[in-house]
Amino acid sequence: AQSVTQLDSQVPVFEEAPVELRCNYSSSVSVYLFWYVQYPNQGLQLLLKYLSGSTLVKGINGFEAEFNKSQTSFHLRKPSVHISDTAEYFCAVKEETSGSRLTFGEGTQLTVNP
Amino acid sequence: DGGITQSPKYLFRKEGQNVTLSCEQNLNHDAMYWYRQDPGQGLRLIYYSQIVNDFQKGDIAEGYSVSREKKESFPLTVTSAQKNPTAFYLCASSVPLGWGYTFGSGTRLTVV
């Protein structure tokens with residue numbers, strides 16, 4: 001069965017610094033990978049997704065992620081963060097054979113300080 | 001614009017009462033999901049439905065019930081059997097074999 005581990009529950013950074021949020025997954029079959037963002041008291045918004053093709057995926061708000069099959073990772077990066085990036089970020093995985101159901105990680109709270 | 005509407009945004013319930021959370025979508029998605037979110041625990045799947053008149057239990061279905069009589073609607077009832085119902089509840093939808101979910105804005109349920 002698929003599983004997702006987000007390696008950091010909290011990541012504090014200063015404004016304009018680069019950030020990396022780490023995500024590892026476990027699956028025995030091909031997967032699709034997603035990153036979502038959640039602002040306080042709101043639903044989740046899709047940041048980016050990897051389905052196939054280029055392993056470097058660009059998303060909204062300047063975020064990008066790289067799929068590494070050998071390391072079973074899908075880390076999220078941004079070269080320069082803003083205060084407005086403060087939110088919780090969720091990594092999710094869907095196995096190719098599992099219908100439409102996603103499995104989510106436990107989330108990483110990104111806090112950007114001035 | 002298409003989307004998912006959850007109502008109400010905030011809900012208070014007395015212990016021992018059942019309460020129903022609404023989720024409506026106009027995206028023409030076949031699959032719908034209910035998740036519960038607690039601090040530090042991520043999203044946990046309660047129930048999901050891949051097609052009208054059919055639904056399956058997720059990982060934490062005890063104390064909850066659902067129905068799927070229409071494609072657009074997937075209401076969740078939190079029953080008195082749910083021992084710790086205070087949480088943030090999220091509804092989502094997707095197409096079959098779809099490329100991710102669309103989420104509603106959530107309902108925060110508090111038991112008083």
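By convention in this document, chain letters (A, B, ...) are assigned in the order of the sequence lines, proteins followed by strands, and residues within each chain are numbered from 1. Side chains are part of it too, since the values below use all heavy atoms of this structure and drop only hydrogens, waters and symmetry mates.
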TODO: Decide salt bridge (Lys or Arg N to Asp or Glu O under 4.0 Å) for B:R68 and B:D54; before the verdict, give the C-alpha distance in whole Å, the side-chain angles of both, and the deciding distance to 0.1 Å.
DONE: CA-CA 7 Å; B:R68 187 85 187 279; B:D54 188 39; over 6 Å; no

Open item on the list: Heavy-atom pairs under 4.5 Å with chain B: which of A:Q6, A:K49, A:Q38 has the most?
Closed with: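 The option with the most such pairs is A:Q38.
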
Open item on the list: Regarding B:R36 and B:Y64, do their side chains bring together a donor and an acceptor under 3.5 Å, going by distance alone?
Closed with: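 The answer is yes; a qualifying pair exists.
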
Open item on the list: Side chains of B:Y33 and B:S94: any donor to acceptor distance under 3.5 Å?
Closed with: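 Yes - a donor-acceptor pair under 3.5 Å links their side chains.
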
Task: Contacting moiety of B:I4, where chain A heavy atoms sit under 4.5 Å - done: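 For B:I4, there is no contact with chain A at all, as no heavy atom is under 4.5 Å.
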
Open item on the list: Given heavy-atom pairs under 4.5 angstrom as the criterion, report whether the side chain, backbone, both or neither of B:Q6 touches chain A.
Closed with: neither

Open item on the list: Closer than 3.5 angstrom, by distance alone: can the side chain of B:T79 be matched with the main-chain N or O of B:G63 as a donor-acceptor pair?
Closed with: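 Present.
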
Task: side chain to side chain contact (heavy atoms under 4.5 Å, CB included), paired with A:L110, selected from A:D8, A:V13, A:T86 - done: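 Testing A:L110 for a side chain to side chain contact (heavy atoms under 4.5 Å, CB included) against A:D8, A:V13, A:T86 leaves exactly one candidate, A:V13.
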
- [ ] Tell me, for A:L51 versus chain B, whether the close heavy atoms (under 4.5 Å) come from the side chain, the backbone, both or neither.
- [x]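 Contact with chain B: side chain only.
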
- [ ] Would you mind checking which part of A:Q109 comes under 4.5 Å of any heavy atom in chain B, side chain (CB onward), backbone (N, CA, C, O), both or neither?
- [x]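 Neither part.
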
Task: Verdict with supporting geometry, B:Y35 and A:F104, ring pair (Phe, Tyr, Trp, His ring centres under 6.0 Å) - done: CA-CA 11 Å; B:Y35 284 88; A:F104 288 86; 5.4 Å; yes

- [ ] May I ask you to check whether B:Y101 and A:Y36 place their ring centers less than 6.0 Å from one another?
- [x] no

TODO: Taking heavy atoms only and a threshold strictly under 4.5 Å, list by residue number the residues of residues 60-74 of chain A that touch chain B; give 'none' if the list is empty.
DONE: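 So far as heavy atoms go, nothing in residues 60-74 of chain A approaches chain B to under 4.5 Å.
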
Open item on the list: Between B:D30 and B:K71, does any NZ, NE, NH1 or NH2 come within less than 4.0 Å of an OD or OE carboxylate oxygen?
Closed with: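 Looking at B:D30 together with B:K71, the answer is yes, because their closest N to O distance falls below 4.0 Å.
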
